[in-house]
2 protein chains.
Amino acid sequence: MRHRLKDVAERAGVSVKTVSNVVNGYLHVRPDTRARVEEAIAELNYRPNLSARNLRKGRTGIIALAVPELDIPYFAELARHVVTAAAEHGWTVLIDQTGGGPEQERKVAGGIGDHLIDGLILSPLALTADDLAGLAGIPMVLLGERIDHGPADHVAIDNVAAAHAVTTHLLGLDRRRVAAIGAQRTPEGASARLRLAGYAAALAEAGIEYDERLVAPAPAWHRADGAAAIRHLLTSGVRPDAVFCFNDTLALGALRALHEAGLRVPEDVAVAGFDDIEDGRFSVPTLTTIAPDKERIAHLAVDLLANRLTGNPDAPPQELTAPHHLIPRESTTP
Amino acid sequence: MRHRLKDVAERAGVSVKTVSNVVNGYLHVRPDTRARVEEAIAELNYRPNLSARNLRKGRTGIIALAVPELDIPYFAELARHVVTAAAEHGWTVLIDQTGGGPEQERKVAGGIGDHLIDGLILSPLALTADDLAGLAGIPMVLLGERIDHGPADHVAIDNVAAAHAVTTHLLGLDRRRVAAIGAQRTPEGASARLRLAGYAAALAEAGIEYDERLVAPAPAWHRADGAAAIRHLLTSGVRPDAVFCFNDTLALGALRALHEAGLRVPEDVAVAGFDDIEDGRFSVPTLTTIAPDKERIAHLAVDLLANRLTGNPDAPPQELTAPHHLIPRESTTP
DNA sequence: AACGTTGCTTACAACGTTGTAGAAACCTGG
DNA sequence: CCAGGTTTCTACAACGTTGTAAGCAACGTT
């Protein structure tokens with residue numbers, strides 16, 4: 001049922017290599033030979049065996065995208081863009097879920113069943129630059145804030161500037177008790193640290209004192225964590241009049257918890273998020289957020305990988321910044 | 001930098017095959033030989049070349065999951081469960097996005113760069129049973145409602161019963177003008193047809209006349225379509241007092257549009273969805289929905305594939321039904 | 001002491017493909 | 001009609017792995 005070059009060759013009455021040449025679009029094949037071979041290919045429904053081709057060529061045509069969780073909307077949306085961008089290079093994308101654990105991330109960075117993938121786009125949560133340096137590793141592009149100026153190419157947005165912009169937006173609405181949700185003290189919380197820094201800088205610029213009690217930690221950045229953080233803030237004595245959530249799912253959880261507490265958004269409390277996931281465009285109220293250019297991020301990452309693979313594999317690691325912009329919606333401006 | 005069995009063999013002073021035996025856990029290897037080999041493996045950081053192994057064994061250890069869109073939450077959540085279930089069999093999952101187009105789906109069903117994957121779990125939108133029959137194809141499991149009793153194993157939930165249950169729930173709240181959102185007349189709309197049938201059956205059982213004007217079509221099942229359908233219904237003259245949306249994203253869009261129209265949910269209009277995506281647990285109001293057992297679906301699909309691969313590949317196609325249940329939340333019961 | 005049995009190890013071939021090198025056929029211009 | 005080049009095709013080896021069959025010890029049994 002499954003045919004090989006040899007079968008096609010016999011049927012077309014040529015050598016195996018000639019069939020291979022036809023399949024690979026080699027130029028010097030006589031038109032009638034080519035036609036005969038193509039006919040045989042069609043008749044047998046021949047498809048090349050990628051394992052064999054890869055073994056021979058040392059390339060698989062597959063790149064992997066490894067993200068902590070697929071059902072976090074931001075990563076799902078990003079994945080879609082990466083698949084599209086990779087298709088332009090003729091690559092298939094193997095999408096992998098690390099769960100954010102160091103063990104799984106290390107395994108992925110080591111190459112998944114080695115030799116299977118040509119390159120990796122990794123969004124690390126647990127892994128450090130040192131971990132990576134220790135891995136012989138395949139060509140790799142890092143996403144997100146966890147590892148900066150590490151041993152591999154890196155694409156991110158300017159988190160400090162973005163957080164600064166959101167906070168300034170909230171302050172511009174005459175809010176004075178702007179809370180922040182999503183702080184993390186763990187080493188994994190690199191994004192949290194940068195966003196907190198932008199938040200603090202904006203407060204300082206506006207001459208408002210940084211109030212520890214308005215900064216709510218969140219172990220993960222899921223909806224439930226956002227809701228829990230709001231409940232915590234509301235019982236802590238200092239009622240905020242605005243909340244900057246470090247991502248959109250936190251913000252959606254916050255909206256929910258504020259609703260449960262009988263507070264109106266944005267009249268009583270303005271809410272802003274980060275990521276611009278689709279949910280935020282349809283929530284009640286719609287969600288003010290920072291929109292990172294996901295398509296751009298995906299393209300930059302894929303192109304960096306392409307450079308490593310086809311160009312100079314030993315060029316020094318590059319640090320690229322993708323654009324972002326603030327999208328004000330109902331949750332801050334009715 | 002990258003080593004082969006041969007390198008390990010030389011270092012350990014044994015034959016290539018002995019190293020292979022150690023790697024594959026072959027029993028009859030003397031403990032000291034094994035130790036020496038393992039030491040060499042560790043020193044060289046040897047990792048087997050999967051392309052070569054696959055070429056030799058005819059198996060790749062990769063299965064593919066092909067879904068229409070990754071950033072539809074239902075598919076993202078399903079993907080997570082499939083990855084988990086496949087890991088129990090030692091398989092890596094290559095996740096693929098078809099976009100729901102016939103061309104891409106056919107390509108995937110043909111085996112993605114052939115010989116690369118051992119099996120496929122496909123959630124078809126465009127492909128028909130006849131299309132599939134024509135494809136020589138790899139072992140395959142179908143998900144969803146598009147193809148029923150086709151040439152491959154199939155896992156789905158009882159859509160008619162589920163739709164019947166939701167509709168009955170709405171009728172039980174003394175609603176009499178229950179609308180349905182998501183109808184599709186295209187051949188791709190198999191889910192829509194079944195859910196509409198369940199809806200109609202429940203109405204008939206309650207002695208309520210089926211009103212064409214309360215059935216709103218939706219070209220796709222995204223949030224925007226749900227919102228548009230509500231706007232359409234509200235201008236059509238027959239104001240519904242309940243809405244059964246054929247999936248949760250439609251329902252979230254509907255919630256949004258009802259809010260914009262100044263209608264209260266559930267007081268003025270009760271809303272129910274289908275899929276139990278995470279968003280629905282945090283929306284305002286939270287969303288009544290049908291929860292298909294996604295974990296079970298994933299497990300059944302992976303196990304069916306395992307049977308094809310390791311058991312009888314020519315067994316007649318199986319039709320399995322996964323359980324579902326109704327989860328009443330605020331959008332119907334305040 | 002010769003025997004079969006068992007445990008451990010190895011040489012070889014094969015999986016299906018493509019790069020290399022070269023042979024055969026075909027041109028071109030003198 | 002031949003030298004020199006170009007086009008077209010082919011045989012062979014190699015990519016790294018594992019299955020097969022067979023070799024070699026060491027053992028206990030007769």
Side-chain angles (χ1 to χ4, degrees), chain A residues 1-38 40-41 44-62 90 111-118 136 138, chain B residues 1-38 40-41 44-62 90 111-118 136 138:
Chain A
M1 201 64 230
R2 205 120 258 183
H3 302 280
R4 318 170 312 238
L5 279 183
K6 198 176 163 214
D7 302 317
V8 179
E10 275 167 13
R11 190 172 191 104
V14 295
S15 78
V16 172
K17 189 66 219 285
T18 298
V19 181
S20 169
N21 286 339
V22 170
V23 170
N24 290 289
Y26 182 65
L27 282 178
H28 302 301
V29 179
R30 264 201 348 254
D32 62 315
T33 311
R34 180 184 300 275
R36 233 172 42 247
V37 170
E38 275 168 352
I41 288 177
L44 295 179
N45 189 27
Y46 166 77
R47 306 285 224 72
N49 179 324
L50 277 210
S51 285
R53 176 178 286 175
N54 299 339
L55 173 60
R56 187 61 241 246
K57 306 233 269 192
R59 285 277 169 80
T60 65
I62 303 182
I112 310 185
D114 225 14
H115 296 269
L116 218 161
I117 59 175
D118 293 341
I138 48 177
Chain B
M1 203 62 233
R2 205 119 259 186
H3 301 278
R4 316 172 311 240
L5 279 182
K6 198 179 163 211
D7 304 316
V8 179
E10 276 167 12
R11 189 173 190 105
V14 296
S15 78
V16 172
K17 189 65 219 287
T18 298
V19 181
S20 169
N21 286 339
V22 170
V23 170
N24 291 289
Y26 181 65
L27 281 179
H28 302 302
V29 179
R30 264 204 343 257
D32 62 315
T33 312
R34 181 184 299 277
R36 235 171 39 248
V37 170
E38 275 169 353
I41 287 178
L44 296 177
N45 187 27
Y46 166 79
R47 304 286 222 73
N49 179 326
L50 277 211
S51 285
R53 174 179 289 175
N54 299 338
L55 173 59
R56 187 61 239 251
K57 306 232 270 193
R59 285 276 171 82
T60 65
I62 303 182
I112 312 183
D114 225 13
H115 295 269
L116 218 163
I117 58 175
D118 294 342
I138 48 177

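Chain naming here is simple, since letters A, B, ... match the order of the sequence lines and numbering starts at 1 in each.
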Participant: For residues B:L5 and B:Y46, determine if any side-chain heavy atom of one lies less than 4.5 Å from a side-chain heavy atom of the other.
Facilitator: yes

Participant: Atom CG of A:N21 to atom C1' of C:dT20: distance rounded to whole Å?
Facilitator: 12 Å

Participant: Heavy-atom contacts under 4.0 Å between residues 9-20 of chain A and DNA chain C, which residues?
Facilitator: A:V16, A:K17, A:S20

Participant: Using Watson-Crick or G-U wobble geometry with both distances below 3.5 Å, tell me the partner of C:dG30, or none.
Facilitator: D:dC1

Participant: Are A:V19 and A:V14 close enough that some pair of their side-chain heavy atoms sits under 4.5 Å apart?
Facilitator: yes

Participant: What distance separates B:L27 CG from B:R34 CZ, expressed to the nearest 0.5 Å?
Facilitator: 7.5 Å

Participant: As an exercise, state the distance from CG of A:N54 to CD1 of A:I62, rounded to the nearest 0.5 Å.
Facilitator: 7.0 Å

Participant: Roughly how far, to the nearest 0.5 Å, is CG of B:L55 from CZ of A:R56?
Facilitator: 12.5 Å

Participant: Under 4.0 Å from any heavy atom of chain B: name the first and the last nucleotide of DNA chain D that qualifies, 5' to 3'.
Facilitator: D:dG16 to D:dT20

Participant: Find out whether A:N24 and A:R53 are in side-chain contact, i.e. whether some heavy atom of one side chain is under 4.5 Å from a heavy atom of the other.
Facilitator: yes

Participant: Rounded to the nearest 0.5 Å, what separates atom CD1 in A:I41 from atom CZ in A:R47?
Facilitator: 11.5 Å

Participant: State the CG-CD1 distance between B:D118 and B:I138, to the nearest 0.5 angstrom.
Facilitator: 8.5 Å

Participant: Are the side chains of B:D7 and B:R11 in touch, meaning some heavy atoms are under 4.5 Å apart?
Facilitator: no

Participant: Check whether any side-chain heavy atom of A:N49 lies under 4.5 Å from a side-chain heavy atom of A:R4, and answer yes or no.
Facilitator: no

Participant: Taking only heavy atoms on the protein side, list every residue of residues 22-35 of chain A lying under 4.0 Å from any atom of DNA chain C, sorted numerically.
Facilitator: A:N24

